[in-house]
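Fair warning: this is a prediction, and the values are worked out from it, not measured in the lab. Chain letters run A, B, ... following the sequence lines, proteins first and then strands; every chain starts at 1.
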Number of protein chains: 6
Amino acid sequence: MSLKTAIIRKEHFNAAHRLNNPNWSVEVNQQVFGKCNNPNFHGHNYELEVKVTGDVHPETGFVMDVKVLKELIKMNVLDKYDHKNLNLDVDDFKTTIPTAENIARVIYENMIDQLPQQLELKIRIYETERNFAEYPA
Amino acid sequence: MSLKTAIIRKEHFNAAHRLNNPNWSVEVNQQVFGKCNNPNFHGHNYELEVKVTGDVHPETGFVMDVKVLKELIKMNVLDKYDHKNLNLDVDDFKTTIPTAENIARVIYENMIDQLPQQLELKIRIYETERNFAEYPA
Amino acid sequence: MSLKTAIIRKEHFNAAHRLNNPNWSVEVNQQVFGKCNNPNFHGHNYELEVKVTGDVHPETGFVMDVKVLKELIKMNVLDKYDHKNLNLDVDDFKTTIPTAENIARVIYENMIDQLPQQLELKIRIYETERNFAEYPA
Amino acid sequence: MSLKTAIIRKEHFNAAHRLNNPNWSVEVNQQVFGKCNNPNFHGHNYELEVKVTGDVHPETGFVMDVKVLKELIKMNVLDKYDHKNLNLDVDDFKTTIPTAENIARVIYENMIDQLPQQLELKIRIYETERNFAEYPA
Amino acid sequence: MSLKTAIIRKEHFNAAHRLNNPNWSVEVNQQVFGKCNNPNFHGHNYELEVKVTGDVHPETGFVMDVKVLKELIKMNVLDKYDHKNLNLDVDDFKTTIPTAENIARVIYENMIDQLPQQLELKIRIYETERNFAEYPA
Amino acid sequence: MSLKTAIIRKEHFNAAHRLNNPNWSVEVNQQVFGKCNNPNFHGHNYELEVKVTGDVHPETGFVMDVKVLKELIKMNVLDKYDHKNLNLDVDDFKTTIPTAENIARVIYENMIDQLPQQLELKIRIYETERNFAEYPA
């Protein structure tokens with residue numbers, strides 16, 4: 001049968017961030033980003049869902065070995081972002097504003113080339129239980 | 001890149017409702033809707049997920065400002081439904097049975113014209129943790 | 001060893017209610033209870049935790065058989081409150097305002113005499129994920 | 001309007017399983033499946049989401065009566081899998097490794113022919129809060 | 001009856017922090033606090049439970065009006081901590097290390113004198129879903 | 001001040017078990033333990049909360065270093081129970097029925113002597129989201 005199957009692995013990390021566009025004045029940044037613009041940063045417990053879609057291997061019953069997927073997430077996300085300041089400590093966000101939308105896209109772009117080509121990838125990131133983003137949608 | 005990004009905002013409201021079709025007899029209503037037909041109403045803590053899909057603005061890193069989205073949800077859903085009796089207090093359900101399916105569609109139809117045209121909208125409504133509906137699916 | 005053990009069983013029910021003191025004027029009720037005073041009712045998905053504390057029976061490893069506890073909760077709470085209007089349909093709240101505090105106490109008083117005397121009982125009721133009450137505290 | 005609506009019903013069951021391919025040696029099974037290969041089994045609280053997509057019936061406001069859907073899930077999944085050993089007690093997994101991917105597909109294949117033809121079905125199964133699978137993806 | 005009743009209100013806030021004792025060397029701080037010592041801060045979605053225990057007022061059915069309690073939490077916690085850097089922006093932690101234990105105690109000490117004397121207070125603070133503290137225990 | 005503070009660490013493990021008293025007949029076991037008596041075992045995602053109560057150290061702001069507590073839980077619980085069959089693989093339950101009540105007590109007894117004497121310990125174990133036990137209560 002040609003229907004695809006997906007597996008989803010959920011991980012979390014804790015990080016500080018602020019939303020700020022360096023091309024704008026302090027006033028515009030404050031107006032657009034509100035309390036998320038606090039210059040001393042605030043932070044979140046980010047929850048990350050990594051969804052991998054493909055065919056199930058008949059010998060293992062796996063789309064992909066979750067142990068391998070966990071290791072990819074560890075190297076590409078947790079080791080780089082956990083207990084870090086996204087703006088100051090992480091190269092990915094040196095010139096990219098760390099909104100949930102951008103974090104989802106950056107994680108996708110960092111991980112997609114490390115997956116076998118026949119697998120699809122989708123990233124969902126929860127900034128809080130009530131605010132989250134998906135890429136690609 | 002042409003891939004779309006989505007943001008999801010989750011809100012909640014508490015409301016009373018009953019399932020009843022006025023064109024049917026008491027017996028048929030009772031048979032079809034069971035305990036959800038109780039004439040004195042029952043109620044739920046509804047959880048609402050509003051998903052907006054589009055392109056990320058390069059200057060803000062946003063698909064849409066969540067503060068604006070929250071205000072739209074407040075005006076179109078919370079101010080009208082929270083701590084209300086959906087059947088008696090809300091015009092949207094005067095002639096529409098407030099099933100989860102219909103609530104999802106009504107919220108979609110109320111909100112879609114207030115979003116910029118290039119954005120897509122999807123509504124998910126949880127009647128309980130274990131019963132929920134999506135529109136469009 | 002003389003230390004006690006507890007088991008907790010969690011159940012849920014959906015009900016409509018309003019907060020209203022019939023000895024007060026409409027204005028005072030509105031002022032004290034705010035939107036919870038809506039005359040057409042609103043509702044909740046109540047989550048109920050029933051905690052029973054005692055000694056573990058050496059032959060079963062149980063403080064109490066959870067099947068028996070579930071049946072007691074069914075008879076004393078779910079059959080009476082689920083998909084009901086607490087104010088109109090339930091004798092327990094004919095003259096008692098169905099606040100979370102009072103619901104917890106009423107459930108306690110209804111159940112305590114049906115448990116073996118050597119067991120202690122505590123009730124926790126969640127009106128929403130963010131508002132809950134315990135009796136006895 | 002031609003947009004579809006979905007309802008989702010969530011249920012759970014508790015079961016034991018192990019991951020093992022009888023065509024492989026003990027060593028290869030241990031290497032591929034790790035601690036999930038424990039010959040004495042381990043277990044999970046599986047959470048199951050059954051999503052049914054179609055048109056809303058104008059008289060009921062339902063895609064499908066949830067009571068009917070619950071009964072279908074009970075017969076096809078809960079009665080067969082709950083408090084069972086998937087490998088030893090359930091015919092569905094006599095020759096199929098009970099990974100989350102395979103459990104999702106098997107449930108789909110068991111249920112799809114029992115739904116009216118115009119309805120679509122999707123299965124999501126949570127092995128843990130952090131590992132889950134979807135079929136079709 | 002003399003048994004007490006409790007109500008619990010849950011709120012959340014997002015903040016950055018680091019664990020650091022200024023009386024210690026960089027090396028000792030790193031050794032004791034590990035990645036929580038990151039000089040550029042990290043952050044959390046803190047969940048706060050405020051439990052108030054007392055007698056239920058016979059006219060209202062309330063231990064305390066939750067609207068009043070919410071306002072007290074807003075003034076004493078949310079307005080001061082939300083979207084802030086606890087170490088840099090909040091006087092309470094200028095000389096107190098913002099561990100979960102200390103945050104719980106500081107919130108207790110800030111709120112206790114603003115409650116009527118006959119009420120008891122207990123604070124639970126979740127740094128993550130898996131790490132939390134209570135004061136008094 | 002003499003008030004105590006508590007920290008709670010939450011961990012999880014997946015295991016198979018069955019409830020069976022070898023001193024009883026098959027029929028009595030089946031009657032008392034129902035589907036939990038299935039001879040081929042079933043399983044759970046156990047959630048474990050370990051609560052440690054004591055004084056906060058003024059230099060660290062800790063009741064106890066969570067890294068040390070995590071290591072104690074790993075050695076005493078996770079390494080012994082995770083992905084195991086509690087009845088067949090774990091000495092602790094060779095002659096003790098692995099009910100939630102007994103699991104909580106056994107974990108307490110295994111861990112209490114490894115904590116500094118001035119600290120108190122309490123164990124909460126969730127067999128499912130809706131069935132859990134505490135020791136000591």
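Residues E/D55 and E/Q118 have side chains that never bring a donor and an acceptor to within less than 3.5 angstrom of each other. Side-chain contact, E/Y81 with E/D92: a donor N or O sits under 3.5 Å from an acceptor N or O.
With a 4.5 angstrom heavy-atom cutoff, E/K70 does not touch chain C via any of its atoms. Residue C/E127: no heavy atom, backbone or side chain, is found under 4.5 Å from chain E. Both the backbone and the side chain of E/V63 come within contact range of chain C, judged by heavy atoms closer than 4.5 Å.
The pair C/K122-C/E49 does not count as a salt bridge, with every side-chain nitrogen at least 4.0 angstrom from each carboxylate oxygen. A salt bridge links E/E47 with C/R130; the closest basic N to acidic carboxylate O contact falls under 4.0 Å. Note on E/K67 versus E/E71: no salt bridge recorded, every NZ/NE/NH1/NH2 to OD/OE distance being 4.0 Å or above.
Residue C/V90 comes nearest to C/K84 through the heavy atom pair CG2-CB, 4.2 Å, listed as atom of the first residue, atom of the second, then distance. The heavy-atom pair separating E/L121 from E/Y108 by the smallest distance is O-CE1, 3.2 Å.
Of the options C/D82, C/V77, C/L86, C/T128, a side-chain contact (heavy atoms from CB on, under 4.5 Å) to C/Y46 is made by C/L86 and by none of the others.
Residue-level contacts of residues 7-39 of chain C with chain E, in order of numbering, are C/L19, C/N21, C/W24, C/V32, C/F33, C/G34; threshold 4.5 Å between heavy atoms.
Note: E/T60 leads E/T60, E/V66, E/D65 in heavy-atom pairs under 4.5 Å with chain C.
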